[in-house]
Structure formats: C-alpha cells, structure tokens
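To start, the structure itself, in structure tokens.
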Amino acid sequence: ALTCGLLPALRRSQLPQGPVVLTVLSGGVHNPYEHYKNDFALKKHYSIKNAADAAGYYTDLGFDYLALRDANSNINFVHAAPGFVNT
C-alpha cells in the first residue's frame with residue numbers, strides 16, 4: 001500500500017538512473033504458498049510456515065506486477081532476502 005501511494009511521486013522522479021523501491025522480505029528464498037487459489041487469506045491452512053511462504057510469495061507477485069506495468073518502467077524494484085539479521 002505504501003509503494004502504491006508513492007507511485008505518482010516515483011514516476012515523476014528526475015533521478016538519472018530512476019528511483020529505487022527496495023523490499024527485504026525473503027525475496028526468492030521461500031516456497032510459493034500452495035493454497036493461494038482456494039485459501040488466499042490462510043483461514044483454513046494457517047501455520048507459521050504457510051504464513052511466511054504467503055507473505056514472501058504475495059510480495060513477489062505484487063512487486064512483479066508493479067515492475068511490469070509500462071507506467072513504472074523508470075522505477076527500479078528490488079526484492080531481496082538479507083537472511084537473518086542480528087540486531
């Protein structure tokens with residue numbers, strides 16, 4: 001939702017390489033949520049593993065969708081997985 005709210009400003013950006021949107025939620029290191037077609041909200045198949053898989057999978061799909069839209073061709077979308085962080 002935050003990224004979608006910022007899209008108008010990102011599209012107007014004058015940065016030479018284009019603006020960058022970075023998300024760090026298990027990009028590419030999770031399994032697809034296998035029940036996404038019949039239990040999108042995890043109401044019947046909730047578990048910690050399924051919740052983690054769904055969060056990463058839905059983020060992948062959402063940012064792929066945004067990146068593929070012609071209106072966002074000047075925006076760089078990066079979805080990374082930094083691994084565990086000791087803070």
Side-chain angles (χ1 to χ4, degrees):
L2 177 62
T3 301
C4 289
L6 293 172
L7 283 175
L10 292 165
R11 290 174 182 145
R12 290 190 306 269
S13 172
Q14 298 299 312
L15 291 171
Q17 307 279 316
V20 178
V21 176
L22 171 67
T23 176
V24 288
L25 178 64
S26 72
V29 297
H30 51 76
N31 295 317
Y33 172 52
E34 63 184 76
H35 302 287
Y36 74 94
K37 288 184 182 178
N38 59 9
D39 188 20
F40 185 84
L42 291 100
K43 291 184 180 191
K44 298 176 190 164
H45 298 96
Y46 181 82
S47 69
I48 296 297
K49 180 189 180 325
N50 284 346
D53 287 344
Y57 186 58
Y58 296 160
T59 301
D60 285 346
L61 294 176
F63 277 90
D64 282 351
Y65 172 80
L66 292 174
L68 293 172
R69 295 188 63 198
D70 288 340
N72 301 331
S73 63
N74 70 314
I75 304 170
N76 300 290
F77 292 94
V78 180
H79 185 192
F84 288 102
V85 179
N86 185 6
T87 58

Residues clustered with Leu15, ILVMFWY side-chain links under 4.5 angstrom |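 Via sub-4.5 Å side-chain contacts, Leu15 links to none.
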
Given His79, which of Asp60, Thr59, Thr23 fulfils the side chain to side chain donor-acceptor pair (under 3.5 Å) condition?
->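 It is Asp60; the other options fail the test.
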
Does [X] have any side chain to side chain contact (heavy atoms under 4.5 Å, CB included) partners at least two apart in sequence or in another chain, and if so, which?
X: Tyr57; value: His30, Pro32, Tyr33, Tyr36, Leu61
X: Tyr46; value: Leu42, Ile48, Ala51
X: Lys37; value: none

Restricting to pairs with a member in residues 45-58, which pass salt bridge (Lys or Arg N to Asp or Glu O under 4.0 Å), not counting sequence neighbours?
->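 Only Lys49-Asp53 qualify under salt bridge (Lys or Arg N to Asp or Glu O under 4.0 Å).
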
Do you reckon Val21 sits in the same ILVMFWY cluster as Val78, going by side-chain contacts under 4.5 Å, direct or chained?
->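 No, Val21 does not connect to Val78 through the hydrophobic network.
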
Would Leu6 and Phe77 show up in the same hydrophobic cluster when neighbours are defined by side-chain heavy atoms closer than 4.5 Å?
->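 Hydrophobic grouping puts Leu6 with Phe77.
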
What pairs with His45 under side chain to side chain donor-acceptor pair (under 3.5 Å), at least two apart in sequence or on another chain?
->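 With sequence neighbours excluded, His45 shows a side chain to side chain donor-acceptor pair (under 3.5 Å) to Asp39, given in chain and number order.
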
Do you know the tightest heavy-atom contact between Gln14 and Arg12?
->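 Where Gln14 meets Arg12 most closely, the heavy atoms are NE2-O, 3.1 Å.
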
Could you tabulate the donor-acceptor pairs under 3.5 Å formed by side-chain atoms of residues 62-72, not counting sequence neighbours?
residue	atom	partner	partner atom	Å
Asn72	OD1	Arg11	NE	2.7
Asn72	OD1	Arg11	NH2	2.9
Asn72	ND2	Leu66	O	2.8

Out of curiosity, Leu10 CG to Asn74 CG, how far, rounded to the nearest 0.5 Å?
->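 If we round to the nearest 0.5 Å, Leu10:CG and Asn74:CG are 8.0 Å apart.
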
